[in-house]
Structures are given as structure tokens and as C-alpha cells.
Amino acid sequence: MKTELTFDVVVAGGGPAGINAAIASGRAGAKTLLIERYGFLGGMSTVALVYPWMTFHTNSGKQVIKGIAQEIVERLMDINGSPGHLRDTVGFTYSLTPYHPEKYKLLALDMLEEAGVEVLVHSFVDKVEVEGNQISALGLATKSGPIRVFAKRFVDTTGDADIAYLSGAPCLKGRDDDHKTQPMTMKFRMRGVNLEKVKEAMKANPSNFYKKTPIEELDHIPLTGVQGFYKEWSESGVPINRDQVLFFAGPEEDEVLVNCTRVQGLDGTDVFDLSAGEKEGRKQVLMMAEFLQKKIPGFEKASISAVGTQIGIRETRRIDGQYVLSIEDVVNGKKFEDTIALSGYPIDIHDPSGKGVQAKDIEGDGSYGIPYRCLVPQKFDNLLVAGRCISTTHEALATTRLTPSAMATGQAAGVAAALSITDHVAPKDLNITKLRAHLAGNGVVL
């Protein structure tokens, strides 16, 4: 068995950010390896049933996330794995993008293979070897024994900043004052839901649903999401600390993804907290499903069809990088000279201890820029990050953590890693004009 591997670029974490980073790196000519601890790819989108993807657009309907992310959507559409971008009938964003998780898992592998990327699953990074200001190797725990992986560049897309943290790069966690993070959620699917009955209940009592729900459009567009049933929930007595019901339609016609459990006060990087959270999340799933079956129109004959392989994580560690994106940057729609991605998703903070969600829209053209410096950690010259663990404040993370944004930062990190090798510079010294030109030439909106 091989106990040592050598690559140009190693991407750690096979979620959407990691998939796009590895594809971008491979397409840019770097010998690339993608490492994933589960036996399949997709990260929170598959392992925790995070669904649908929100959002590729601004609230006015302008698409600001394209590139590899859009290519994935189009290729899923070609194999009946997604209907494409649909209107969000919750009204929180302009669009959402349903997808079939099993088809996404396989498509990701196909696209990685096409890009010449090697994939190693069932491999958990538990050690980072450091020499000065360089990461020299990652230590993997595998079923067949330990493996050391050497590379010129490393991209941390673990979601939890595992590589950055283990290397000693400065990291942040949660709120500034108490370090509490957004709650975890155990998501689950139900089949046998009568969505027409749900729609009729919404039309009959609009005030029982989110204020931005486009009730008047429901006769003309498919029902994609529901937030509300405030009266039923307030009278339920279910011991889950939230203030409404939230679910999304699909991918099958009688199926919904329920986003209602809420596990608070636990640290997603603490194995003991995670163990407690997994149990509590599954208890809440059964309570929530029973409530829906008994109290919500259209769920009378519904049953649980899937529960997340693991609990969904919104927030853990993030790097303290070359620039920290702030809530003011987001809300003001700020753009930067080193912008490598745009996002139109609003601030969406699930309260770490209370019931509600803090939401703020983006001013100006409805989008903000994510600067390249947010992908570059302090201390290390051959490490980049992408996805949920980029450099932001707790508040700004509430938008950058969303999957399309993670896909976009992943593509940027993968390209930057490969270009920095061919240009013989550290990622922090990369020519930004050249990086942005490469991204724009591959469909990225800047």
C-alpha cells in the first residue's frame, strides 16, 4: 500500500466548495487530489441534506453566481437532476435551485475525473505537518492505515477550517463576545405530501405565512418553499426553540425537505458536543414529523423518507485572514479591487440562543463582493481556504456560508492555487488582475 502521495494541489473537504476548487485546479493544469472523509462527495448538500441551493441571484433577479456552479446546475438539468433556478415561494430570496443529491454525487465524480483530479474518500485529516511558514504534508487516517500527502499548495474546504486550525493559522469561532455559533439542524425528508393542499392553505390565510411570500403568484408558479404556519406552530407545544415551520418542495413531486429542528449551545468542532447534538437532532426529527402529520394540511399521509447522515452545521471555525468581511460590507453591497466572487444572499443569522432569525437585505445592486484576501490565511504561504471557513465576521458568515457562495469561493481558491504554482509566487502575492481575468474567462461574474 502507498503510504506517501505527492501532488501539486491538495483540496481537503469534498463539499461543494471542495468539488469546485478541485475541478478548477485540475482544469488549470495542476495535479490535484481531493480528500473526503465520507464515502461520497457533496458535503452538507448530501451528508446533511442541506437543500435547495440558495441563491444564484440578487433579489431583483440578476444572476451573480455562474462559472463551475452554473455548469453543475446545467449538467444536472441535462440528466433530470434539477429543474434549474426557480422562484423562491418563501420570498426570502429571488430564486432557489432544487437538485437531486444522488445525481449530484455522481456528477461531481464525473466532472472531477474529466478535470484529471484524483479522489480519495474514507480519509480523515488528523495531522498537519508544518515547516516554517509552509504546510509540508497532511496526515490521513484511513481504513488501510496512515497516509502522508505532500503538495505545493493546500486548499482547506473542510467547512470547519480543520487544516488551518491544525497548522496553527489564526482562527475565529462564533460571536465576538461569547463565541456561540448558529444552531445545528438535523434535516429530513418526507414523502406522501399533498403540496396542492399546502398551497390552498397558504392562499386561504396569507397572514399565517412569511410576509414576503408571493401568495398572489402561487397559481402561476410551482410551490418551492413554505415558511409560516405560525398559528399551528405557536399552539403546538413542541419543545423546539424556533418560531415557525420551514420546508422546501422536492426533488420528487410529493416530497419535502424539512428544515425545522434546532440544536443550540453546542460546538460543532467538539466531538462530545457533536455526539450530544446528533441524538438531540434525531429526537427533534421524530417530534417534528409527528407535528406535521397531525397539524399541517397536506401532511396527513406523509412519512419520513430520509434523515441526514449527520447533523447540519451552519457555523464553527473560520480563518482570521488577510481581510475580514464585515456585515457592513455585505449590507452596503461593497465591491473590492480583489473581488473573486459575488453573492446576492442576504444576511441570515439563526439565533445562537433565541427563537428567531436576523435578516438584512443587501443595498445597491443587491450583491456584494468577496475579496480574495478572505481566502488567504495569516502565517502560511501555501494555504488557501474556501467555503464556510473563509475570513468573515460572525454576522457576514451568515451569507457567505450558503452553498452557491461556497461554490464560487471554491472555484477561486482552486484557480489561485494552480496559478500561484505556475507563476512561482505565494498565493498571497498572486497577480489579482490575472486571477480575475482567468475567473471571468471561465464564466465567473465579477
Side-chain angles (χ1 to χ4, degrees), residues 11-22 34-38 41-51 53-55 65 69 125 154-166 169-175 179-185 187 259 266-270 274 277 308 310-321 323-327 330 340-341 343 345-350 352 368 370-377 383-414:
V11 180
I19 291 166
N20 287 25
L34 176 62
I35 300 167
E36 167 56 37
R37 64 179 174 134
Y38 286 101
L41 303 181
M44 291 291 115
S45 289
T46 54
V47 73
L49 304 185
V50 174
Y51 169 98
W53 291 329
M54 297 173 71
T55 173
I65 296 179
V125 179
F154 296 89
V155 182
D156 186 342
T157 55
T158 60
D160 301 318
D162 287 341
I163 311 308
Y165 175 75
L166 290 172
C171 291
L172 305 167
K173 185 190 294 182
R175 299 189 291 205
H179 305 295
K180 288 185 177 180
T181 59
Q182 295 189 64
M184 307 178 198
T185 294
K187 301 194 180 188
N259 182 351
L266 300 178
D267 182 349
T269 61
D270 183 305
L274 274 174
Q310 76 149 75
I311 197 164
I313 309 294
R314 288 185 177 87
E315 178 182 12
T316 54
R317 289 184 295 254
R318 60 193 187 276
I319 65 163
D320 185 2
Y323 184 84
V324 180
L325 189 74
S326 71
I327 187 172
V330 173
I340 45 76
S343 176
Y345 192 84
I347 295 292
D348 177 23
I349 306 172
H350 293 246
Y368 66 91
I370 301 175
Y372 175 64
R373 288 164 291 163
C374 290
L375 280 56
V376 183
L383 175 64
L384 289 159
V385 304
R388 198 174 72 227
C389 53
I390 68 171
S391 181
T392 71
T393 63
H394 163 77
E395 294 81 11
L397 175 70
T399 165
T400 59
R401 65 180 175 83
L402 274 293
T403 305
S405 302
M407 289 177 166
T409 58
Q411 181 171 356

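- A search for side-chain hydrogen bond (donor to acceptor under 3.5 Å, both in side chains) contacts involving Ser391 returns nothing, not counting sequence neighbours.
- Considering all non-hydrogen atoms of both residues, Cys389 and Gly159 come closest at CB-O, 3.8 Å.
- Within the 4.5 Å cutoff, side-chain heavy atoms of Thr393 are placed close to those of Val324.
- Residues Thr400 and Tyr368 have side chains in contact (heavy-atom distance under 4.5 Å, counting atoms from C-beta outward).
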CA sep, side-chain torsions, deciding dist, call: Met184, Leu266, side-chain contact (heavy atoms from CB on, under 4.5 Å): CA-CA 8 Å; Met184 307 178 198; Leu266 300 178; 3.7 Å; yes
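- Taking each heavy atom of Ala48 and Gly312 in turn, the nearest pair found is CB-CA, 3.6 Å.
- Applying the salt bridge (charged side-chain N to carboxylate O under 4.0 Å, His left out) definition to pairs two or more places apart or across chains, those involving residues 391-403 are Asp348-Arg401.
- No hydrogens or angles considered: a donor-acceptor pair under 3.5 Å links the side chains of Thr158 and Asp156.
- Annotation for Ala169 and Pro377: closest pair CB-CB, 4.4 Å, computed over non-hydrogen atoms.
- Within the 4.5 Å cutoff, side-chain heavy atoms of Val330 are placed close to those of Leu325.
- Two residues are said to be in side-chain contact when any heavy atoms from C-beta on lie closer than 4.5 Å; Ser45 and Trp53 meet this criterion.
- Using a 4.5 Å heavy-atom cutoff, the side chains of His394 and Arg318 are in contact.
- With sequence neighbours excluded, the residues satisfying side-chain contact (heavy atoms from CB on, under 4.5 Å) with Thr409 are Ile340, Ile370, Leu375, Ala386, Ile390.
- Note that CD1 of Ile19 and CD of Gln411 are 13.0 Å apart. Values are rounded to the nearest 0.5 Å.
- For the atom pair Asp162 CG and Thr316 OG1, the distance stands at 7.5 Å (nearest 0.5 Å).
- The backbone N or O of Glu315 lies less than 3.5 Å from no partner atom in the side chain of Gln182, so there is not a single donor-acceptor pair.
- Side chains of Thr399 and Thr392 form no contact here, defined as non-hydrogen atoms less than 4.5 Å apart.
- The minimum heavy-atom distance linking Thr46 with Leu41 is given by the pair OG1-O, 2.9 Å.
- Note that CG of Asp267 is 6.5 Å distant from OG1 of Thr181, once rounded to the nearest 0.5 Å.
- Looking at heavy atoms from C-beta onward, Leu384 lies in side-chain contact with Tyr372 at the 4.5 angstrom threshold.
- Between Leu172 and Ile319, the closest side-chain pair of non-hydrogen atoms is not below 4.5 Å.
- Side chain of Thr185 to main chain of Lys187: no donor-acceptor pair is present (N/O by atom type, distance under 3.5 Å, no hydrogens or angles).
- Screening Arg317, Arg388, Arg37, Lys173 for a salt bridge (Lys or Arg N to Asp or Glu O under 4.0 Å) with Asp160, the sole residue that qualifies is Arg388.
- The minimum heavy-atom distance linking Gly308 with Leu49 is given by the pair N-CD1, 3.5 Å.
- Minimum heavy-atom separation, Leu34 to Gly18: CD1-O, 3.9 Å.
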